[in-house]
Amino acid sequence: MRHEPIAIRHEPREINYPEVLPITAEKERIIAAIRDHQVLIIAGDTGSGKSTQIPKMCLEANRGEKRLIGCTQPRRLAATSVAARVREELGELGHLVGYKIRFSNQTGPATRIKFMTDGILLAETQQDQSLRAYDTIIIDEAHERSLNIDFLLGILKKLLKKRPDLKVIITSATIDTEKFSRAFDLAPVITVSGRTYPVEIRYRAADDTREEGAAGQDAGYVEQAVEAVLELCGGAEGGGDMLVFMPTERDIRDTVELLGKRFRHDGPRLGIKEREPEILPLFGRLSGTDQNRIFRKSGVRKIVVSTNVAETSITVPGIRYVVDTGLARISSYNVRAGTTKLPVTAISRASCDQRAGRCGRVGPGICVRLYSEEDYLGRPEYTLPEIVRSNLAEVILFMIALRLGNPKKFPFIDPPAPRAVQDGYNLLAELGAIDPERRLTERGRIMAALPLDPRISRMIICARENGCLREVVIIAAALSIQDPRIRPADNARQADTAHARFRSERSDFLSYLHLWDLYDDLVHQKKSASALGRFCKSNFLSYQRLREWRDIHEQIWAQLATSGNGREHHFFLRSSCLAELETEPDKRYDSCYDRIHQSILSGNLRNIGLKKEKNVYQGGQGKELMIFPGSGQFNRAGQWIMAAELVETSRLYARTVAGIRVEWLEPLAGPLCRRSYSAPHWEKRSGQVVALEKVTLFGLVIVAGRRVNFGPLKPAEARQIFIQAALVEGECGGHFAFLDKNRQLITDLADLEDRLRRRDILVDEMLIHEFYDTRLPAEVHDRAGLIRLLKSGCNPMQRADPAAQLCLYPGGGEGRGDGLDSGGSGRPRCR
DNA sequence: CTGCTCTTA
């Protein structure tokens, strides 16, 4: 818990604002608005100075006196770099600025302005629900509408009544400020101009009359982008770096390759006199050193070919020209299938404009759009907020843990669809996090306390029971980071060879464990950071991501240790299933493969598959999966698999895959299994009605034709079969006096009919069935039940003798208890 | 035969 904040009184000192920033002119207006309103919306485009100057204005408005001024940023890098900038600008007041991001808390008692990622502020609400550590909260870049931002805005909206002293400032690009204002009871909007240069937009749509390529080929935007780049280079525009936006890594590879070729072969003919430019790919999975090449000055023209990272996350310096395909991969959650789609999609107008703006930061720019103005105008204005295209399980778990009420009534700016909310509840129920009343279970509480996807938390809980916590925590941390393997286009083979060193033949999860063991050895040998870096480089691994992996691993252990009582920590550390003596890497985990993978399966039940053909699997709910070619299980996997992820791109791919045994599924899935029964029939030997049980999980048959005792499942149906087969047709087995008598009577009557040549004395089977049906108690449906019934006839308190009841003629019973034959084995007898 | 990008107790 936070101790009472210390009020830091200080002599008022001059706070300086850079004159060049447009926001400086609005200073007095903004300070007055902060004083007069609880919520304020400030709209300003790139270069307005809002991120750095508004926190200083809050200080000048006497905010942050007893509590903190909290400023959120969507990305860690932004949080730390803006903090550094403000600290520098504040000069001798610089010590008032701190920041906190995951794994690094640089705040102290003197901190009054705290920069952080929005994820951190969200996480803090778990400890400090009313955010009492803050008197002012600034949500920056709200227009990005990330899941964290939308969730935070809802929480703040609910908090405002309870915390009248709290001020909230929402800053955004100058788009859609109306929506924010309306969401916060018509909060005032102050608009600040940006500080950018004009950007000339040129539309260069694909020529419609141009012949289509081979059937099924796409529009050829790679070729068009290359043409556009060559035109710009050969035109009269002059020098300056270029930024080309592509939707996928593969397109980037193709573009880089084609550009290089064209410059070499056709450059002179196209009037490009300059030296061959430097062509650089840029995407998130690129190693840090390769990413940093875009910041180096080389003396020749730079052409950066990038994914969406360059739209908001990385600012490529010095860009004068943008070539925009208008495409991006945008993820969306498919509620029906429970999978993620990652299609190449036409981006929104806001995104197009953001991309264009990337060339107006150092001087007037030119943006070539590979689509028509008509196309542009027909696009949606904004990108769909992340919350309406996400799996909501984690959000809902959080809401239950914090008692934030019904998600359907929560003040989301754009509420998610009811079906998506229902799906989130369903997944939580499948994971055992909530009970039928949607309250947290014991498991759910542990899951809510872990900073992980609920599915991953579920694996850890299962591993605790299975005694393989050490292994599964390593894997859980691995599943929480981006793939640490690097596979450069020009060195793919070498990378594959390097990665094969730790690849498991049976499971991608074990590959993670092998890599961990390899790297952990080096760390324990106290290798220097540079030695570790060299190891990463030569093995095509990301040093950054391995570090993140270890950090998350440590964080999970710390959380597990505090969630139990202190003593549990020891238990956790020792609960490894590792066979101490086995040193050969791919055999090390053989003996505990089942336990580890059962634990992982507990979080991945939705992602199982049954082999249809090589690499193609029948998934749940009628899905067809294909093993991702980058998986170690490609061309290797057996009959049943599970995957940590199912993502639909060109196909529905299963990523991070391992073989499982079908027998694991039923006990783990429990009530998720659907059962159906067929061919119920009387079995004389066992004295039961037996049916064939079929068990399915998400539509996949996991048990077929299992013989089960049908009576307890469907007593009424079983009883009819029992009456017909055992009593009417006489296949009961054992010896029962009443049955013998009834049979004798029927034989006698049949004889009588034969002699008299009549056919109306003996009643037909249907009537005999009816007779038993009326006389036999409802709960009797097998031989054991019949024996129990007849035995109860021995009880003197019993009014009617059951055996007599079952005799076909009046008075057929021969006294109490006589329903049972004294012979036969193992049957109860009356004494 | 190959998947955009962020973020956390």
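Each chain gets a letter, A, B and so on, in the order its sequence line appears, and its residues count up from 1.
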Review point. Counting any heavy atom closer than 4.0 Å, what does Arg75(A) reach on the DNA or RNA strands: base, sugar-phosphate only, or nothing?
Key: sugar-phosphate
Review point. Which is true for Ile330(A) with a 4.0 Å heavy-atom rule: it touches a base, it touches only sugar-phosphate, or it touches nothing?
Key: nothing
Review point. With a 4.0 Å cut-off on heavy atoms, is Phe398(A) in touch with a base, just the backbone sugar-phosphate, or nothing at all?
Key: base
**Study point:** Touch class at under 4.0 angstrom, heavy-atom based, for Glu144(A) against every strand present
**Key:** nothing
Practice item. Have a look at Arg76(A) and say if it touches a base, only the backbone sugar-phosphate, or nothing, with a 4.0 Å heavy-atom cut-off. Key: sugar-phosphate
Review point. Considering heavy-atom distances to DNA chain B, does Pro247(A) or Leu452(A) have its closest nucleotide positioned more toward the 5' end?
Key: Pro247(A)
Exercise for review: Looking at every strand, decide which applies to Leu450(A) at a 4.0 Å heavy-atom threshold: base, sugar-phosphate, or nothing.
Suggested key: base
Practice item. Would you classify Thr340(A) as touching base, sugar-phosphate or nothing, given that sugar-phosphate means primed atoms plus P, OP1 and OP2, and contacts are heavy atoms under 4.0 Å? Key: nothing
Exercise for review: Select base, sugar-phosphate, or nothing to describe what Ser146(A) touches, counting heavy atoms under 4.0 Å on all strands.
Suggested key: nothing
Practice item. Look at all strands and tell whether Ser650(A) reaches a base, only sugar-phosphate, or nothing, counting heavy atoms closer than 4.0 Å. Key: sugar-phosphate
Check your understanding: When all nucleic acid strands are considered with a 4.0 Å heavy-atom cut-off, which category describes Gln555(A): base, sugar-phosphate, or nothing?
Key -> sugar-phosphate
Check your understanding: Counting any heavy atom closer than 4.0 Å, what does Val647(A) reach on the DNA or RNA strands: base, sugar-phosphate only, or nothing?
Key -> base
Check your understanding: In terms of side-chain heavy atoms of Ser313(A), which of dG3(B), dT5(B), dT2(B) is nearest?
Key -> dT5(B)
Point to revise | First of Leu402(A) and Ile314(A) reached from the 5' end of DNA chain B, by closest nucleotide | key: Ile314(A)
Practice item. Using distance alone, with no hydrogens and no angle criterion, decide if Thr248(A) and Arg253(A) have a side-chain donor and acceptor under 3.5 Å apart. Key: no
